[in-house]
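So the structure is just underneath, and the comments pick up after that.
Note that the structure is predicted; figures quoted are calculated from it, not measured. Throughout, protein chains are lettered first and strands after them, A, B, ... in sequence-line order, and every chain is numbered starting at 1.
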Protein chains: 2
Amino acid sequence: MTSTTDKQTTRQTGQRRAIFQALAKDKTALTAQELHQHLTGVGLATVYRNLQRLAEQGKVDTIRRPNGELAFRVCGVGHHHHLICRSCGRVVEVHDCALEDWSRKLATEHDFSAIEHQTELFGTCGACANKTA
Amino acid sequence: MTSTTDKQTTRQTGQRRAIFQALAKDKTALTAQELHQHLTGVGLATVYRNLQRLAEQGKVDTIRRPNGELAFRVCGVGHHHHLICRSCGRVVEVHDCALEDWSRKLATEHDFSAIEHQTELFGTCGACANKTA
DNA sequence: CTTTGTGCAAAGGCTTTGCATGCTT
DNA sequence: AAGCATGCAAAGCCTTTGCACAAAG
C-alpha cells in the first residue's frame, strides 16, 4: 500500500524556495497571508498550497492562533511546544514537555487512549514588557 | 470606570434560554452551527451572538477544534482543561492541571511574563475504542 | 414607551478549488 | 514532450454585521 512506486513528486520552483526560506528566516510563526505580503511574485494560492504540503511533510509546524488563523513555522525536530510573545510574535521552542506524563496519567484515569495534546503558550517576552513599561 | 450604574443588560428570551439549556445538557462541545441545527426557531445569527456573549461573561468555555471551528460548552468553575474523545466528542473536564508549575518555570527561564496556556487533549475514550475493535 | 434581542440577508475574512498557462525535469 | 506548479478568479466555510421588526422590562 505504500510501495506503488511512490513518486515523491515535489518539484523545485522559485516560489517554493522563496516560501520556505522566508519561513525559515523568520523568528515568528507566519500565516499564508502574511507570507504572501512579504514575498513578491508569489500568488496567495501558491502560498497556501505549499504551506499545506510542507505541513503534511512535517517540514513545518502549524500554530493555531487564538483567533483561529493558522500560522506556520520551521522548527527543530522532535516533540515540542511554542512559547509565543503575544506582542511581537517571537516564538521560543520549548522541548521540555511537562505534558507527557500528565497525559499518560489522564489516559489511565479516564480510560482514554492515544491522547494527543496540542499546546500553545502565549505570554509577553522581556523585551516587549520593557517597551510597554 | 466600573461604577457608572453598570446596567447588566441581559434580557431573558426564549432563544437565550434554549441555547443555554441545549448547551448545558450536551456532553459534548457544540459549535454555533450544530447548536442551530438542534434547535428550532432560533436564527443562526442569534446563536452566534449569544454564544459570544456567554463566552465573554465566562458562562461557557470555548474549545478550538483542530480544524479551526470554535465550539462551546457549559463547564464547572475554575481553571481546567478538556479531554475530548475524537470519535464521539464527549468531553471530560480535567481540573488537575500540570501546566501551572511548568509555565511558571518557563516564564523564569525565558524571561516571559503573563503566560497563558490553552490546552485541549484529544484522545479516544474507552467506549469508542471498543466499538472500533 | 424605551431599549435590547431576533431574523434574514448581505458582507467579511480565511482557505480551497477549477482551469488554462508556464516551468521543471 | 509530459506533468507538476502557478496564477487568477470563483467558490466555500465559518462568522459577523446592518437593518427593520418583535419582544422584554
Determine whether B/S87 and B/C125 make a side-chain contact, defined as any pair of heavy atoms from C-beta on separated by less than 4.5 Å.
no
Could you check whether any side-chain heavy atom of B/H80 comes within less than 4.5 Å of a side-chain heavy atom of B/D61, counting everything from C-beta outward?
yes
In this structure, how many angstroms lie between the [atom2] atom of [N] and the [atom1] atom of [X], rounded?
{"X": "B/E56", "N": "D/dT16", "atom1": "CD", "atom2": "C1'", "result": "13 Å"}
{"X": "A/N67", "N": "D/dT16", "atom1": "CG", "atom2": "C1'", "result": "14 Å"}
{"X": "B/R16", "N": "C/dG7", "atom1": "CZ", "atom2": "P", "result": "11 Å"}
{"X": "B/R17", "N": "D/dA23", "atom1": "CZ", "atom2": "P", "result": "16 Å"}
{"X": "A/R64", "N": "C/dC14", "atom1": "CZ", "atom2": "P", "result": "13 Å"}
{"X": "B/Q15", "N": "D/dC21", "atom1": "CD", "atom2": "P", "result": "18 Å"}

Under the salt bridge (charged side-chain N to carboxylate O under 4.0 Å, His left out) test, residues paired with B/R64 that sit two or more places apart
none
Residues that A/R104 engages under salt bridge (charged side-chain N to carboxylate O under 4.0 Å, His left out), provided they are two or more places apart:
A/D101
With sequence neighbours excluded, tell me which residues meet side-chain hydrogen bond (donor to acceptor under 3.5 Å, both in side chains) with A/R65.
A/E34, A/E69
A/K59: side-chain hydrogen bond (donor to acceptor under 3.5 Å, both in side chains) partners, not counting sequence neighbours:
A/Q57
Side-chain hydrophobic cluster, 4.5 Å single linkage: members besides [X]:
{"X": "A/V77", "answer": "none"}
{"X": "A/V94", "answer": "A/L83, A/V92, A/L99, A/W102, A/L106, A/F112, A/I115, A/L121, B/L83, B/V92, B/V94, B/L99, B/W102, B/L106, B/F112, B/I115, B/L121"}
{"X": "B/Y48", "answer": "B/L44"}

Interface residues of residues 19-26 of chain A with DNA chain D (non-hydrogen, below 4.0 angstrom):
none
Does anything in residues 32-55 of chain A come within less than 4.0 Å of DNA chain D? Heavy atoms only, and list the residues if so.
A/G41, A/V42, A/G43, A/A45, A/T46, A/R49, A/N50, A/R53
Each base of DNA chain C marked ( ) or [ ] if paired in-strand (Watson-Crick or G-U under 3.5 Å), | if paired to another strand and . if unpaired gives |||||||||||||||||||||||||
Restricting both atoms to N or O, compile the protein contacts to nucleotides 23-25 of chain C shorter than 3.5 Å, with distance only.
from   : atom 1 : to    : atom 2 : distance (Å)
C/dT24 : O3'    : A/Q12 : O      : 3.4
C/dT24 : O2     : A/R11 : NH1    : 3.0
C/dT25 : OP1    : A/Q12 : N      : 3.4

Which pairs would a plain distance check flag for residues 18-26 of chain B, meaning a side-chain donor or acceptor within less than 3.5 Å of a matching protein atom at least two apart in sequence or in another chain?
from  : atom 1 : to    : atom 2 : distance (Å)
B/D26 : OD1    : B/T28 : N      : 2.7
B/D26 : OD1    : B/T28 : OG1    : 2.7

Does the gap between the ring centers of A/H79 and A/H95 come in under 6.0 Å?
no
Donor-acceptor contact present, side-chain B/H110 to main-chain B/T108, <3.5 Å:
no
Look up atom SG in A/C128 and atom CZ in A/R90, then write down how far apart they are to the nearest 0.5 Å.
7.5 Å
